[in-house]
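These notes are about the structure you will find just below.
A quick note: this is a predicted structure, and the numbers were derived from the prediction, not measured. As the structure lists them, so they are numbered: ligands from 1, and atoms in each ligand from 1. All residue numbers refer to positions in the sequence shown, counting from 1.
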Amino acid sequence: MSPTITAFKLSPDRGKGLARDMPVRWALEEVGQPYEVRLLSFDEMKEAPHRALHPFGQIPTYEEGDLALFESGAIVFHIAQRHAGLLPDDAAARARAITWMFAALSTVEPPIVERSMAVLMERDRTWFEARLPILEDRVRNRLSELSRRLGDADWLEGEFSAGDLLMVSVLRRLKGSGLLEDYANVSAYVARGEARPAYKRAFDDQLAVFTAASSGP
Ligand code: GTB
């Protein structure tokens with residue numbers, strides 16, 4: 001039986017693939033696992049049936065038989081554990097790839113999200129102009145550290161892994177900020193991720209949901 005994930009009925013990113021069902025879709029495409037998608041409105045996300053799956057009333061969730069998961073990182077990890085292709089077999093290499101999954105979500109993403117939230121929600125505050133350069137410097141710090149580590153490698157640890165999948169997903173949130181462009185190897189890394197056939201299938205599928213919903217009656 002195919003797993004079912006949840007996603008926005010009408011994503012606020014207008015199909016740019018920034019909502020967190022995207023890494024889950026991408027992981028499922030990488031391992032060749034077909035899946036169903038249940039689309040939810042903002043109201044439906046906060047209702048009891050969805051809250052039973054997701055305590056915070058968010059997307060994505062993942063259901064597979066009796067197993068119900070939330071948190072995109074945990075879902076990608078589960079998919080990577082269950083199928084070949086996203087984590088190396090060698091125990092040490094696997095541990096290093098998992099380390100990059102955590103690094104993406106807990107070290108690289110927080111300053112990126114903090115900057116995006118400020119740009120989206122705090123533009124009209126008196127202190128916004130003073131705060132933005134501070135937030136951008138924090139992002140630049142992480143990008144330069146990542147750039148140094150990546151060097152001229154294609155991926156963070158040998159072959160493409162779930163660590164790269166999450167890192168590329170996190171870095172995509174900087175599109176349009178002008179920050180990524182200063183780090184040529186990191187920009188090329190993101191482009192390499194986006195060029196993967198599995199990424200493209202996942203992206204097209206989530207875009208099709210937005211296109212259908214926004215052109216409906
Ligand atoms: N840590 C959780 C995870 O990784 O799964 C975070 C889940 C989460 O933030 N879900 C968001 C959500 O359900 C959607 S993805 N929000 C509704 C709510 O909280 O009520 C975050 C997101 C939303 C929109 C954009 N965008 O428009 O660009 C990007 C990312």
(message) Can you tell me if Lys16 contacts ligand 1 (heavy atom of the residue under 4.0 Å from the ligand)?
(response) no
(request) Do me a favour and list the nearest non-hydrogen protein atom to atom 13 (O) of ligand 1 with residue, atom name and distance? (result) Ile59 N, 2.9 Å
(message) Rounded to the nearest 0.5 Å, what separates atom CD in Glu109 from atom OG in Ser116?
(response) 8.5 Å
(request) Considering heavy atoms of the protein only, find what lies nearest to atom 30 (C) of ligand 1 and give residue, atom and distance to 0.1 Å. (result) Leu18 O, 3.4 Å
(request) Do me a favour and list the nearest non-hydrogen protein atom to atom 5 (O) of ligand 1 with residue, atom name and distance? (result) Ser72 N, 2.8 Å
(message) Which of the numbered atoms in ligand 1 are under 4.0 angstrom from any heavy atom belonging to Lys46?
(response) 18 (C), 19 (O), 20 (O)
(message) Suppose we measure from atom 1 (N) of ligand 1 to each protein heavy atom; which comes out shortest, and what is that distance?
(response) Glu71 OE1, 2.7 Å
(message) Counting only nitrogen or oxygen atoms and a 3.5 angstrom limit, does Asp13 reach ligand 1?
(response) yes
(request) Please round to the nearest 0.5 Å and tell me the distance separating atom CD of Glu64 and atom CZ of Arg82. (result) 4.0 Å
(message) Within the structure, is a non-hydrogen atom of Phe42 found at a distance of less than 4.0 Å from ligand 1?
(response) yes
(request) Please work out which of Arg20, His50, Met22 has its closest non-hydrogen atom nearest to atom 6 (C) of ligand 1. (result) Arg20
(message) Does the Lys NZ or Arg CZ of Arg196 fall within the cation-pi geometry relative to Trp155 - under 6.0 Å from the ring centre and within 45° of the axis?
(response) yes
(message) Return the closest protein heavy atom for atom 19 (O) of ligand 1 as residue, atom name and distance.
(response) Gln58 NE2, 3.0 Å
(message) I'd like to check Ile5 versus Leu28 (side-chain heavy atoms, cut-off strictly below 4.5 Å). Are they in contact?
(response) yes
(request) For Arg51, look at atom CZ and say whether over 12 heavy atoms of other residues, nucleotides or ligands are found less than 6.0 Å away. (result) yes
(message) To check your reading of the model: name the closest protein heavy atom to atom 23 (C) of ligand 1, its residue, and the distance in Å.
(response) Phe8 CE1, 4.0 Å
(message) I want to check something: taking the side chain as every heavy atom from C-beta on, are Leu18 and Lys175 in contact at a cut-off of under 4.5 Å?
(response) no
(request) Out of Gly73, Pro12, Ser11, indicate the one that has the non-hydrogen atom closest to atom 24 (C) of ligand 1. (result) Pro12
(request) Heavy-atom contacts with Pro60 under 4.0 Å: which atoms of ligand 1 show up? List them by number with element. (result) 5 (O)
